[in-house]
4 protein chains.
Amino acid sequence: MSPKLVNVEQKRKEIIEGTLMALSKKELSELKIADIAKEINMGQSTIYEYFKNKDELIKQALEYFLQELYIPEENEELTVLEEFELILEKFKRQIKEERTNEINILIDVFYQGIKGDFEKLGEVYSDYIDYMVERINRDQKRGIIREDIDPQALISWVGATFDGLWIQSLLRPKDFDVDKIFNSFLKAIEIYIKKD
Amino acid sequence: MSPKLVNVEQKRKEIIEGTLMALSKKELSELKIADIAKEINMGQSTIYEYFKNKDELIKQALEYFLQELYIPEENEELTVLEEFELILEKFKRQIKEERTNEINILIDVFYQGIKGDFEKLGEVYSDYIDYMVERINRDQKRGIIREDIDPQALISWVGATFDGLWIQSLLRPKDFDVDKIFNSFLKAIEIYIKKD
Amino acid sequence: MSPKLVNVEQKRKEIIEGTLMALSKKELSELKIADIAKEINMGQSTIYEYFKNKDELIKQALEYFLQELYIPEENEELTVLEEFELILEKFKRQIKEERTNEINILIDVFYQGIKGDFEKLGEVYSDYIDYMVERINRDQKRGIIREDIDPQALISWVGATFDGLWIQSLLRPKDFDVDKIFNSFLKAIEIYIKKD
Amino acid sequence: MSPKLVNVEQKRKEIIEGTLMALSKKELSELKIADIAKEINMGQSTIYEYFKNKDELIKQALEYFLQELYIPEENEELTVLEEFELILEKFKRQIKEERTNEINILIDVFYQGIKGDFEKLGEVYSDYIDYMVERINRDQKRGIIREDIDPQALISWVGATFDGLWIQSLLRPKDFDVDKIFNSFLKAIEIYIKKD
DNA sequence: AATGAATGAGCCTTCATTCAT
DNA sequence: AATGAATGAAGGCTCATTCAT
C-alpha cells in the first residue's frame with residue numbers, strides 16, 4: 001500500500017514483460033539473463049533485486065503470460081457451438097497474422113507445463129474446462145444440446161482438438177488447410193451435439 | 001593384424017539408445033554428454049568417435065525414436081473407425097502403464113519439431129496423414145464412410161485430437177477421465193462419418 | 001547508483017601485460033588462459049569480460065608488445081653508422097643482462113609473423129625500413145654515405161643481419177663472441193658506405 | 001644387422017618422412033598425431049610402436065630434416081665469395097619456386113632451436129661455421145681474402161645475414177627486392193674481404 | 001607387428017549469480 | 001535502489017596415449 005511497494009510491483013512487472021518479450025524471440029532453453037536485461041535496458045544484477053533467481057523469474061513470467069492470455073471474454077449470450085466457431089475464427093486470424101510472438105511463448109508454456117515444471121498451466125486448463133462445462137450445461141437446459149452428452153467429456157476432447165490443431169499448424173504449415181479442416185471439425189461437433 | 005573390430009552401426013545404435021534412455025529421465029535442455037556416457041558406461045570421448053557433436057547425436061537419436069515409434073502396424077483389414085478405436089485403446093493402456101519413458105522423449109520430439117529444430121517430425125506427421133487419407137478413401141469406396149467427407153480434413157482434426165488428448169492427460173492427469181472422454185470422442189466420429 | 005567503475009582501457013592493459021609476462025615464461029602454444037589469469041590474480045572468466053577470446057587477447061598483446069618495443073628514439077643528430085653502432089651496443093647490453101623476458105616474447109612475435117598469423121609485424125618491419133631509408137638519404141645528401149648505394153637494399157640486409165645475429169646469439173650462446181662479430185660487421189659496413 | 005632391425009629402421013624412416021610431410025602443411029603446434037598417421041596411411045597406434053611419444057617423434061623428425069638439408073656440397077674448388085654467391089642464388093630460386101614445404105619445416109626447426117627445445121640446431125649451426133672458417137682460412141692463405149679478417153667473426157655475421165634475409169623475405173614478401181638486396185650485400189662483402 | 005577402439009586429462013568458453021560501491 | 005565488475009562451476013570437445021585383439 002505504501003508508495004514504495006507500488007514501485008516495486010511496477011518494477012517487477014516491467015522485468016516480467018521484458019522477459020516475455022525476450023522469450024518471444026528466443027526459446028526458453030536459450031534465454032539468458034543478459035537477454036532479458038538488454039531487452040529492458042537494465043543491469044543484470046538489478047533483476048536479482050526483484051527476483052530470487054532465474055527460475056523464479058521465468059515461472060512468474062509464464063504465470064503472468066497465462067493470466068493475460070486467458071481473460072475469458074464473457075460471451076454469455078453465445079451458444080457453445082457459436083463460441084467454438086469464434087475460437088476457430090480467432091485461430092485462423094492468428095495463423096494468417098503470424099502472431100509468432102505469442103505463439104513462441106505459448107510453446108514454452110506448454111512444454112514447461114507438460115514437463116511438470118509449471119503446475120499453473122494444469123490448473124488454468126482445468127478452470128477453463130470447468131467454465132465450459134457450465135456453458136454446456138446451460139445449453140443443454142436451453143435444449144440446444146443433446147442431454148445425453150457428458151459436458152466434461154465433450155469439452156475435453158474438443159479442447160484437445162484445438163490444442164492439437166494448433167500444434168499441427170506449426171508442424172506442417174504448408175499442408176495445413178485451415179478452412180477445410182475447421183469446417184469438417186465444426187460439422188462433426190454440430191452433428192454430434194444437435195438435438196434431432 | 002587383427003585388432004578388435006566393432007560393428008560401427010551397432011555401436012552407434014547403442015549410443016543412440018543410451019541417449020534415449022537418458023532423455024527419458026531428463027529433459028533435452030538439461031541433458032549432458034556426461035549423462036549419456038554414464039548411461040551406457042562409456043567414456044565421453046568415445047561418443048565423439050561415433051558422432052560429430054552433441055547436436056548431431058541428439059538429432060539422430062530423435063529420428064531413431066520416431067522411426068521406432070511409428071512403425072505402422074499394417075492393420076489393413078480394419079476399418080478406419082476400428083483403427084481409431086485401437087489407437088485410443090493403446091493410448092489408454094499407455095496411460096495406465098505409465099510409460100513415462102517414451103512420453104518424456106515424445107515431449108521433446110514435439111517441442112523440437114514445433115520449434116523447427118527437427119524437421120523430420122513434420123515429414124513423419126505428413127506421411128501419417130497421407131497414409132490415413134488412403135485408408136479413408138478405401139472405406140469410402142467400400143461404402144463405410146460418407147463420400148462427402150474430405151479425408152484430409154477428417155484425419156487432420158482427428159489426429160489433432162489424439163495429440164491434444166495426450167497433452168491433456170499429462171497436464172491434468174487427476175481429472176482426465178479416459179473412458180468417458182474417449183467414448184464421447186469416438187461416438188462423435190462415428191455419427192459424423194457413418195452413412196445414414 | 002554508483003557501482004564500482006573501472007577504467008576499461010586500464011584493465012585491458014593490465015590483462016595484456018599479464019599476458020606478456022606469462023608469455024615470457026611459456027611459449028605461446030603452451031600458454032593457457034589459466035596461466036594468464038593466475039599471473040594477474042584474476043578469475044579466468046574475468047578476462048572474457050575484456051577480450052572476446054584467447055586469440056583476440058594474444059593478438060592484441062603481441063601488438064602492444066611491438067608498439068612498446070619499437071618506439072624509435074629519434075636520434076636525429078646521429079649518422080646512420082652511429083645509429084647502427086648504437087643498436088649493436090644495446091644488443092650487447094641485452095645479451096649481457098639476459099633480458100630473456102623480452103626475448104622470449106620476441107621469438108613468438110617473429111614466429112607468428114613469419115607464419116602469417118600476425119600481419120602487424122610485417123607492417124612494422126616495413127615502417128622501420130622506410131624510416132631508415134630516409135635517414136640514409138639524408139646522410140647521402142650530407143655527403144657521409146656514397147651516393148651510388150641503394151638505401152632500401154642497404155637497410156634490408158643490414159636489418160637482416162641484426163635479426164640473424166640475434167637468432168645466432170640464442171642458438172649458440174657459448175660460441176657467440178659478440179665483440180669480435182660486431183666489430184667485423186661494423187667495419188664491413190663502414191668500408192662499404194664511406195666516400196673515399 | 002638382422003633383417004628385422006632393418007625393417008624397423010625402414011619403418012621409422014617412413015614415419016619420420018610422413019611427419020615432415022605433414023609438418024610442411026601444418027605448423028608444429030597444430031600438428032596432430034592423427035595428421036601424421038593419415039599422411040602415411042597408418043594407424044595412430046602403430047606410430048607408438050616405433051616412437052615413445054609425440055615429442056620424441058618430432059625431435060627425431062627435425063633432426064632427420066636438418067641432416068638431409070645440410071649435406072654440404074663440397075664445392076672445394078670455389079672461393080668463399082663464390083660460395084656466398086651460390087647460396088644467394090639458391091635462395092633466390094627457392095623464393096621463386098615457392099619451396100614452401102621446406103621453408104615451413106625450417107621455420108619450426110628454428111623456432112624449436114631458439115626456444116631451446118632442439119639443441120641439435122645449435123650444434124649444426126656451429127659445425128657449419130667451423131666448416132666455413134676453414135674455407136676462409138684457405139682463401140686467406142691463397143691470398144684471396146685479407147689476412148686481418150677474423151674468419152669466425154666474418155662467417156658469423158654473414159651467416160646471420162642469410163638467416164635474416166630469409167626471415168625478411170617471409171615477413172614482407174611484397175617489398176622484398178631480392179636482386180637489389182643481394183647485390184648490395186655481396187658488394188659489401190667483396191669490398192670488405194678483398195685485398196687492395 | 002599392426003591397429004581399431006577407448007579414454008582421461010585438460011582447455012576454452014559461457015553464464016547465473018554474487019560482490020562492492 | 002541500481003549496477004558495473006568479478007567469478008566459480010560447469011559443459012562440450014580435443015587429442016595424446018593406452019588397451020586389446
Checklist entry - Taking B:K54 for the side chain and B:L31 for the main chain, is one N or O donor matched with an acceptor at less than 3.5 Å? => result yes
Next on the checklist: At 10 degrees resolution, what angle do the end axes of the helix from E:dA2-F:dT21 to E:dT21-F:dA2 form when each is taken over five base pairs?
Outcome noted: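 Overall, the helix from E:dA2-F:dT21 to E:dT21-F:dA2 bends by 30° from one end axis to the other.
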Picking from [options], which would you name as closest to the side chain of [X]?
X     : options               : answer
B:K54 : E:dA16, E:dT7, F:dG12 : F:dG12
B:V8  : F:dT7, E:dA5, E:dT3   : E:dA5
C:E49 : E:dA6, F:dA6, F:dC13  : F:dA6
A:Q44 : F:dA16, E:dA5, E:dT17 : E:dT17

Item to check | Phosphate OP1/OP2 of F:dG4 contacted by A:S45 side-chain N/O (<4.0 Å) | outcome: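 Answer is no, no contact under 4.0 Å.
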Item to check | Under 4.0 angstrom between A:K11 side-chain N/O and F:dA2 OP1 or OP2 | outcome: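 Looking at the OP1 and OP2 atoms of F:dA2, one of them is under 4.0 Å from a side-chain N or O of A:K11.
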Spacing between [X] atom [atom1] and [N] atom [atom2], to the nearest angstrom:
X     : N      : atom1 : atom2 : answer
C:N53 : F:dG12 : CG    : C1'   : 16 Å
D:N41 : E:dT3  : CG    : P     : 10 Å
C:D55 : E:dC11 : CG    : C1'   : 13 Å
B:I58 : F:dC13 : CD1   : P     : 10 Å
C:K52 : E:dT13 : NZ    : P     : 9 Å
D:F51 : E:dA2  : CZ    : C1'   : 16 Å
C:I47 : F:dA6  : CD1   : P     : 11 Å
C:L57 : E:dC12 : CG    : C1'   : 13 Å

Checklist entry - For the residue pair B:I36 and B:I15, what are the closest heavy atoms and their distance? => result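 Here B:I36 and B:I15 meet closest at CG2-O, 4.3 Å.
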Next on the checklist: Students often get this wrong, so: under 4.0 angstrom with heavy atoms, is A:Y50 touching a base, only sugar-phosphate, or nothing?
Outcome noted: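 Sugar-phosphate contact only - A:Y50 comes under 4.0 Å of backbone atoms but never of a base.
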Next on the checklist: Which label fits A:Y125 and A:F110: parallel for a plane angle under 30°, tilted from 30 to 60°, or perpendicular past 60°?
Outcome noted: perpendicular
Checklist entry - If you count the non-hydrogen atoms of other residues, nucleotides and ligands that lie under 6.0 Å from CE in A:M42, is the total more than 12? => result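 Atom CE in A:M42 is crowded, with more than 12 foreign heavy atoms closer than 6.0 Å.
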Item to check | Test side-chain hydrogen bond (donor to acceptor under 3.5 Å, both in side chains) applied to D:D35 and D:Q44, D:K26, D:K25, the passing residue | outcome: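 Answer to the side-chain hydrogen bond (donor to acceptor under 3.5 Å, both in side chains) test with D:D35 among D:Q44, D:K26, D:K25: D:K26.
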With a 4.5 Å cut-off on side-chain heavy atoms, are [Y] and [X] touching?
X      : Y     : value
B:D117 : A:E27 : yes
C:L57  : C:Y50 : no
C:I16  : C:F51 : yes

Item to check | A:E56 versus A:Q60, side-chain donor and acceptor atoms under 3.5 Å | outcome: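 Per modelled atom types, A:Q60 and A:E56 side chains form a pair under 3.5 Å.
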Item to check | Within residues 28-40 of chain D: residues closer than 4.0 Å to DNA chain F (heavy atoms) | outcome: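 Heavy-atom cutoff 4.0 Å gives D:L31, D:K32, D:I33.
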Item to check | salt_bridge(A:D108, B:K115) N-O dist < 4.0 Å | outcome: yes
